[in-house]
Student: 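One structure, as structure tokens, below. Some questions next.
Below, each value reflects all heavy atoms present in this structure, side chains not excepted, and no hydrogens, waters or symmetry copies. In this text the structure is predicted, and so the values were computed from the model without any measurement. Residues: numbered from 1 along the sequence shown.
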Amino acid sequence: MSHPAPVNPRYSEPREEPPSRRTALVVHTVADVAAALLGLWIVLSLLDANQGNAFVQFVRETASWLAGWSQDIFTMENPHVRLALNYGLPAVVSLFVGHGIAARIRRG
């Protein structure tokens, strides 16, 4: 008579994740996407991407909205450095704040 294969108790039943973990993942992901869009705009702008392209326009408008609070904090003479700092700061803040909130949600 054959015996059934042993079942690993960790995988025997689907385990529900707590809602706080899912919420933390959403917050973490939103922060990452915001930072990625800001970084993408910096790269597209520095590479002189076609401003008439619909994708470039979408990235520019989204990045401008995300970085609205930080516009003209830095007023360097070099426009490339000014752009990188004025859009880079909100990207970094988005990562720190978003990941910090997500970590706090996971702990709490």
Side-chain angles (χ1 to χ4, degrees):
M1 177 172 222
S2 68
H3 297 285
V7 176
N8 186 340
R10 286 180 60 187
Y11 303 108
S12 62
E13 295 178 23
R15 197 178 104 215
E16 286 290 321
E17 288 187 3
S20 62
R21 186 172 170 105
R22 289 184 189 156
T23 303
L25 179 62
V26 169
V27 170
H28 189 116
T29 303
V30 167
D32 288 348
V33 169
L37 282 167
L38 289 161
L40 181 59
W41 171 241
I42 292 170
V43 170
L44 289 173
S45 181
L46 293 177
L47 294 176
D48 291 326
N50 178 7
Q51 300 293 315
N53 180 279
F55 176 72
V56 175
Q57 289 176 357
F58 168 77
V59 173
R60 181 187 69 224
E61 291 169 8
T62 305
S64 292
W65 181 79
L66 289 168
W69 62 270
S70 70
Q71 293 304 300
D72 298 327
I73 287 179
F74 301 100
T75 56
M76 278 63 170
E77 293 291 322
N78 186 327
H80 296 303
V81 173
R82 185 174 54 240
L83 176 108
L85 290 174
N86 283 323
Y87 285 92
L89 175 66
V92 171
V93 168
S94 172
L95 287 174
F96 276 117
V97 170
H99 288 218
I101 290 171
R104 187 126 173 128
I105 291 170
R106 272 188 226 105
R107 275 188 255 133

Student: Would you say the side chain of N50 lies within less than 4.5 Å of the side chain of F55, judging by non-hydrogen atoms?
Tutor: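 Sidechains of N50 and F55: no contact.
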Student: With a cut-off of 6.0 Å (strictly less than), are more than 12 heavy atoms of other residues, nucleotides or ligands near CZ of F58?
Tutor: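 Count not over threshold, so no.
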Student: Quick test of your reading: applying ring-ring contact (aromatic ring centres under 6.0 Å, His included), list the pairs with at least one residue in residues 21-40, sequence neighbours left out, ordered by first then second residue.
Tutor: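 Only H28-H99 qualify under ring-ring contact (aromatic ring centres under 6.0 Å, His included).
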Student: Can you name the residues that form a side-chain contact (heavy atoms from CB on, under 4.5 Å) with V33, not counting sequence neighbours?
Tutor: T29, L37
Student: Say whether, by atom type as modelled, one donor and one acceptor occur between the side chain of Q57 and the main chain of Q51 under 3.5 angstrom.
Tutor: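 Indeed, once roles are kept as given, a pair shorter than 3.5 Å links the two residues.
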Student: Mind checking side-chain contact (heavy atoms from CB on, under 4.5 Å) for V92 and listing every partner two or more places apart, or none if nothing turns up?
Tutor: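 In terms of side-chain contact (heavy atoms from CB on, under 4.5 Å), with neighbours along the sequence ignored, V92 is linked to F96.
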Student: Let me confirm one number: the OG1-CD1 distance from T23 to I101, rounded to the nearest 0.5 Å.
Tutor: 12.0 Å
Student: Treat each ILVMFWY residue as a node, draw an edge where side-chain heavy atoms are under 4.5 Å apart, and state whether V93 and F74 are in one component.
Tutor: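 Yes: a chain of side-chain contacts under 4.5 Å links V93 to F74.
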Student: Other than V30, which residues form its hydrophobic cluster under the rule that side-chain heavy atoms must be closer than 4.5 Å?
Tutor: V26
Student: Rounded to the nearest 0.5 Å, what separation is found between the CH2 atom of W41 and the CG atom of L66?
Tutor: 13.0 Å
Student: With sequence neighbours left out, what residues match A67 under side-chain contact (heavy atoms from CB on, under 4.5 Å)?
Tutor: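 For A67, the residues satisfying side-chain contact (heavy atoms from CB on, under 4.5 Å) (neighbours in sequence not counted) are L38, S70, Q71, Y87, P90.
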Student: Can you name the closest pair of heavy atoms from S94 and A34 and give their distance?
Tutor: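 Looking at all heavy atoms of both residues, the closest pair is OG-CB, 3.6 Å.
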Student: For W65, look at atom CH2 and say whether over 12 heavy atoms of other residues, nucleotides or ligands are found less than 6.0 Å away.
Tutor: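 Result for CH2/W65: open.
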Student: Taking only residues two or more places apart in sequence, or in another chain, which ones meet N78 in a side-chain contact (heavy atoms from CB on, under 4.5 Å)?
Tutor: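 Partners of N78 by the side-chain contact (heavy atoms from CB on, under 4.5 Å) criterion, ordered by chain and then number, come out as H80, V81.
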